[in-house]
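Structure first, commentary second.
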Amino acid sequence: MAGAGRDRVPLIVGNWKMFKTSAEGARFISDLADQIGRLDDREVMVAPPFTGLYEAVRAAEGTSVSVAAQDVFWEWEGAYTGEVSSGMLADLGVRGSIIGHSERRSYFGETDEWVAKKVWAGLERGLLPIMCVGETEDEREAGLTEEVLARQVSAGLSSVRAADGGRLAIAYEPVWAIGTGKTATPETAGKAIAHVRREVGETLGDDIAEAVRILYGGSVGPFNIDELMAQPGIDGVLVGGASLQLGSFVRIVQFERP
Ligand code: 13P
């Protein structure tokens, strides 16, 4: 595939999962913004729980940090108890949403079909969908990694028009590396990401595959960020545990490429 991908602006996303109150999140964002200052060669997002979004957006105003949600529903409004639409998120000033995280797939029964609808709904309201894909340990051991990724990518992008393909990001998060301290080696991550990019090309065309940012997630920390970001094709990271502490997240944001 053409180009080394250095035209894609690196994207660092902190997924706070079910951590931090609204006040804790706002304080964290203010401190983060103070420490990283103005950035023009990378983008930084944090994804608090729904309850923290309002204060998070206010804290992020005028800084280099923007705010994403951790999930979104595909209908605009209606009798869907407990759900939040992409229009409601956009109205708050939220800029993106994680979609199809493996924790949602495994604990809450999220399917590829739901992921596709959520990606579409996010794009329709101008949010950056960060669509998560990744194989389990059993799938990797059974040699099914490429097949699983191909299915998740092609199904998840099935409702995306090629013209909108540049406005989304994909996170490759091998399930066996999430919260385990077992990071994929940069080579393993790079190989899987190259496969994801090929599959995006098959689904939406090569131009979109070149434009889409593909992140790595799974036990990312200050100790491995530079080597991950040195890998061609890795355009950023989706960080869980290490995004909860200011010092470690600042170091991740301040990654250096050779
Ligand atoms: P950890 O960084 O804690 O492994 O979590 C990764 C993740 O699930 C980010 O979405």
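Side chains are part of it too, since the values below use all heavy atoms of this structure and drop only hydrogens, waters and symmetry mates. Ligands are counted one by one from 1 in listed order, and the atoms in each one are counted from 1 as well.
- Using a 4.0 Å cut-off to heavy atoms of Leu238, the atoms of ligand 1 that qualify are 9 (C), 10 (O).
- Every atom of ligand 1 is numbered from 1 in the order shown, and the set under 4.0 Å from a heavy atom of Gly241 is 1 (P), 2 (O), 3 (O).
- Distances from atom 4 (O) of ligand 1 to the heavy atoms of Gly134, Gly179, Gly14 put Gly179 nearest.
- Judged purely by distance below 3.5 Å, without hydrogens or angles, the side chains of His101 and Glu173 pair a donor atom with an acceptor atom.
- Ligand 1 places these atoms under 4.0 Å from at least one heavy atom of Glu173: 6 (C), 7 (C), 8 (O), 9 (C), 10 (O).
- Between Glu187 and Gln231 there is a side-chain heavy-atom pair separated by less than 4.5 Å.
- Of the polar atoms of His101, at least one N or O is found under 3.5 Å from an N or O of ligand 1, judged by distance alone.
- The side-chain hydrogen bond (donor to acceptor under 3.5 Å, both in side chains) test applied to Asp34 returns no partner, not counting sequence neighbours.
- Within ligand 1, counting atoms from 1 as listed, the ones closer than 4.0 Å to a heavy atom of Asn15 are 9 (C), 10 (O).
- Checked against a 6.0 Å centroid threshold, the rings of Trp76 and Trp120 count as neighbours.
- Listed by number with element, the atoms of ligand 1 under 4.0 Å from a non-hydrogen atom of Ala177 are 4 (O).
- In this structure, Gly218 has a heavy atom closer than 4.0 Å to ligand 1.
- Neither side chain, Gln152 nor Tyr172, offers a donor N or O lying under 3.5 Å from an acceptor on the other.
- Relative to the ring axis of Trp16, Lys20 places its NZ or CZ within 45° and under 6.0 Å from the centre.
- Considering both main-chain and side-chain atoms, Lys17 comes within under 3.5 Å of ligand 1 through a nitrogen or oxygen pair.
- Within the 4.0 Å heavy-atom shell around ligand 1 one finds Ser219.
- Between Ile36 atom CD1 and Ser64 atom OG the span is 5.5 Å, to the nearest 0.5 Å.
- The shortest N/O to N/O separation between Gly240 and ligand 1 falls below 3.5 Å.
- Partners of Arg161 according to the side-chain hydrogen bond (donor to acceptor under 3.5 Å, both in side chains) rule, which considers only residues two or more places apart in sequence or in another chain, are Glu124, Asp164.
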